[in-house]
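Notes to accompany the following structure.
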Amino acid sequence: MKKLLLASAATLLATAATAEDVKLGVLLGFTGPIESMAVNMGAGAELAIEEVNAAGTFMDGATVVPVRADSTCIDAAAATAAAERLITAEGVAGIMGAACSGVTGAVLQNVARANGIVMISPSATSPALSEAEDDGLFFRTAPSDARQGEIIAGIIMDKGIDNVALTYTNNDYGKGLADSFQNAYEALGGTVTISAAHEDDKADYSAEVGALAAAGGGILVVAGYADRGGAGIVRASLDTGAFDTFFFPDGMVSDGTTGKFGDEVDGSMGTLPGSDSPGAEKFAEVVGDAFDPTSIFAGESYDATAILLMAMQAAGSTDPRVYKDKIMEVANGPGEEIMPGELGKAMEILAGGGDVDYVGATAVEFLDNGDSAGSFREVVVEGGEFDTVGFH
């Protein structure tokens with residue numbers, strides 16, 4: 001492991017936080033290819049903060065202040081600059097984020113490790129992050145795409161579809177998921193007729209769709225983004241009649257997709273992280289009508305935020321070099337199980353020296369490398385909306 005900087009700005013500012021003000025970074029793709037998802041992700045994170053503040057039991061009465069920053073999802077330089085501002089200008093004690101895999105890796109290596117800042121991502125799913133050098137600073141509440149690829153392969157084969165065309169956004173997320181799916185699908189006896197990358201933000205995807213159609217397949221798997229190239233691929237496929245049924249991995253399962261295509265994509269399938277645990281039901285109760293509690297990565301964002309704050313409470317410190325060692329303890333137990341809506345109770349237990357086992361909205365359980373063991377929700381498009389049909 002590399003030594004942390006002797007006097008990083010993060011450490012100086014975090015330890016200087018008063019009992020009334022502890023800042024927490026919320027670094028998500030508020031613009032870019034997942035901006036429709038980021039709305040409820042940010043709301044989930046801030047719901048956890050509001051709950052902790054309302055209880056008044058965090059760090060002897062300290063107030064947690066969320067500080068939003070835009071990772072853009074796809075611009076590593078912009079994401080790195082945003083993270084640096086959170087640390088040096090705002091003095092955040094930790095970062096809930098980033099959102100997309102490529103920028104998350106850039107922030108981890110160029111900013112978080114250099115400044116000794118803990119990051120918990122709710123949605124960076126690239127398998128490559130499982131092996132990243134992180135100095136014990138990086139965790140994620142969304143499961144790896146190594147697992148999602150296996151789930152998708154199983155669902156498609158169970159439908160009797162033994163050949164598919166595959167397209168993926170040309171970045172860490174898309175390539176990692178595409179490789180994971182193809183390996184799993186072919187191991188089950190399926191055939192990928194073509195695996196082709198696509199770039200985001202093109203005006204015309206007819207050439208890409210022409211190549212996919214020429215290769216053929218029972219359905220088209222679109223490992224892309226709902227607000228960028230993935231949507232362009234779907235639009236061109238529908239307009240040309242190349243494909244009318246799709247499989248949408250998590251980057252495509254959003255209101256952005258159903259808002260654009262509605263019942264044009266009825267019968268299409270998808271997967272996203274999610275569980276039918278008691279915690280998921282409790283999360284829905286806590287959210288009420290504030291936002292859609294089933295929206296992608298909203299529960300993971302709530303959980304990531306809650307774990308960061310519980311780890312600080314357990315350590316009695318907002319210094320990430322101190323509380324990072326408490327992340328696993330509060331998330332995995334042993335201890336009293338903590339559901340959504342019980343963050344105040346958790347803070348009281350931890351302040352008294354007790355142990356908690358955070359279940360949260362997504363049945364959090366960290367593996368040794370900081371990955372979430374996780375589970376996935378299977379959805380289909382019916383009447384122009386995503387409906388849940390099972391869990392894996």
Side-chain angles (χ1 to χ4, degrees), residues 21-30 34-59 61-71 86 90 92-99 118-124 139-142 254-255 272-313 327 330-331 337-350 356 358-364 372 374 377:
D21 190 357
V22 175
K23 293 183 178 181
L24 189 69
V26 179
L27 181 62
L28 298 172
F30 292 110
I34 66 161
E35 59 187 75
S36 62
M37 300 179 185
V39 174
N40 288 342
M41 292 169 67
E46 289 165 3
L47 177 63
I49 291 173
E50 291 168 7
E51 186 182 329
V52 168
N53 285 340
T57 50
F58 176 69
M59 300 294 289
T63 297
V64 184
V65 179
V67 184
R68 288 191 173 197
D70 185 11
S71 72
L86 284 175
E90 297 291 345
V92 299
I95 293 176
M96 199 295 296
V118 172
M119 297 172 60
I120 303 184
S121 172
S123 56
F139 304 83
R140 48 183 172 174
T141 49
S254 86
D255 293 341
L272 68 159
S275 76
D276 57 350
S277 67
E281 295 181 10
K282 186 65 176 176
F283 181 61
E285 293 175 11
V286 172
V287 171
D289 59 2
F291 57 89
D292 179 5
T294 67
S295 58
I296 187 167
F297 300 128
E300 285 81 2
S301 297
Y302 175 93
D303 287 347
T305 305
I307 291 168
L308 279 165
L309 298 177
M310 286 188 296
M312 293 178 198
Q313 183 82 336
I327 297 285
V330 299
E337 291 190 348
I338 300 297
M339 296 290 183
E342 297 181 338
L343 301 187
K345 171 184 170 183
M347 297 303 167
E348 290 181 355
I349 293 170
L350 292 167
V356 299
Y358 184 69
V359 176
T362 63
V364 174
S372 169
R377 180 154 52 106

So Met312 and Phe58, side-chain contact (heavy atoms from CB on, under 4.5 Å) or not? Walk me through it.
CA-CA 9 Å; Met312 293 178 198; Phe58 176 69; 4.0 Å; yes

Can you tell me how far apart [atom1] ([X]) and [atom2] ([Y]) are? Round to the nearest 0.5 Å.
X	Y	atom1	atom2	result
Arg377	Leu272	CZ	CG	4.5 Å
Leu27	Ile95	CG	CD1	6.0 Å
Met119	Phe139	CE	CZ	11.5 Å
Phe30	Ser71	CZ	OG	8.0 Å
Ile296	Ile34	CD1	CD1	8.5 Å
Met347	Glu51	CE	CD	9.0 Å

Identify the heavy atoms of Ser277 and Ser275 that sit nearest to each other, and give their distance.
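That would be OG-OG, 3.0 Å.
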
Closest non-hydrogen atom pair, Ile49 against Pro66:
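Closest approach of Ile49 to Pro66: CD1-CB, 3.5 Å.
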
Is any side-chain heavy atom of [Y] closer than 4.5 Å to one of [X]?
X	Y	value
Pro122	Leu28	yes
Val359	Met339	yes
Val287	Leu47	yes

Please list all pairs passing the ring pair (Phe, Tyr, Trp, His ring centres under 6.0 Å) test where one or both residues lie in residues 276-312, with sequence neighbours left out.
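Checked against ring pair (Phe, Tyr, Trp, His ring centres under 6.0 Å) - neighbours excluded - the pairs reaching residues 276-312 are Phe283-Tyr302.
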
Expected output: side-chain [X] to main-chain [Y] donor-acceptor under 3.5 Å:
X	Y	result
Ser123	Ala99	yes
Asn53	Thr63	no
Asn40	Ser295	no
Arg140	Ala304	no
Gln313	Leu350	no
Glu300	Thr141	no

Verify whether one side chain among Asp303 and Thr362 offers a donor that lies under 3.5 Å from an acceptor in the other.
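Present: a donor and an acceptor within the cut-off.
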
Decide side-chain contact (heavy atoms from CB on, under 4.5 Å) for Val64 and Lys23; before the verdict, give the C-alpha distance in whole Å, the side-chain angles of both, and the deciding distance to 0.1 Å.
CA-CA 6 Å; Val64 184; Lys23 293 183 178 181; over 6 Å; no

Is any NZ, NE, NH1 or NH2 atom of the basic residue among Glu348 and Lys345 found under 4.0 Å from an Asp or Glu carboxylate oxygen of the other?
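Looking at Glu348 and Lys345, the cut-off is not met.
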
State whether Glu342 and Lys282 are salt-bridged, where the test is any N-O pair (Lys NZ or Arg NE/NH1/NH2 against Asp/Glu carboxylate O) under 4.0 Å.
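The answer is no: the pair does not qualify as a salt bridge.
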
Audit row: Thr57, Val52, side-chain contact (heavy atoms from CB on, under 4.5 Å) steps and yes/no
CA-CA 7 Å; Thr57 50; Val52 168; over 6 Å; no

Matching residue for Leu24 among Val67, Val92, Thr305 - test: side chain to side chain contact (heavy atoms under 4.5 Å, CB included):
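Exactly one option meets the side chain to side chain contact (heavy atoms under 4.5 Å, CB included) with Leu24, and it is Thr305.
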
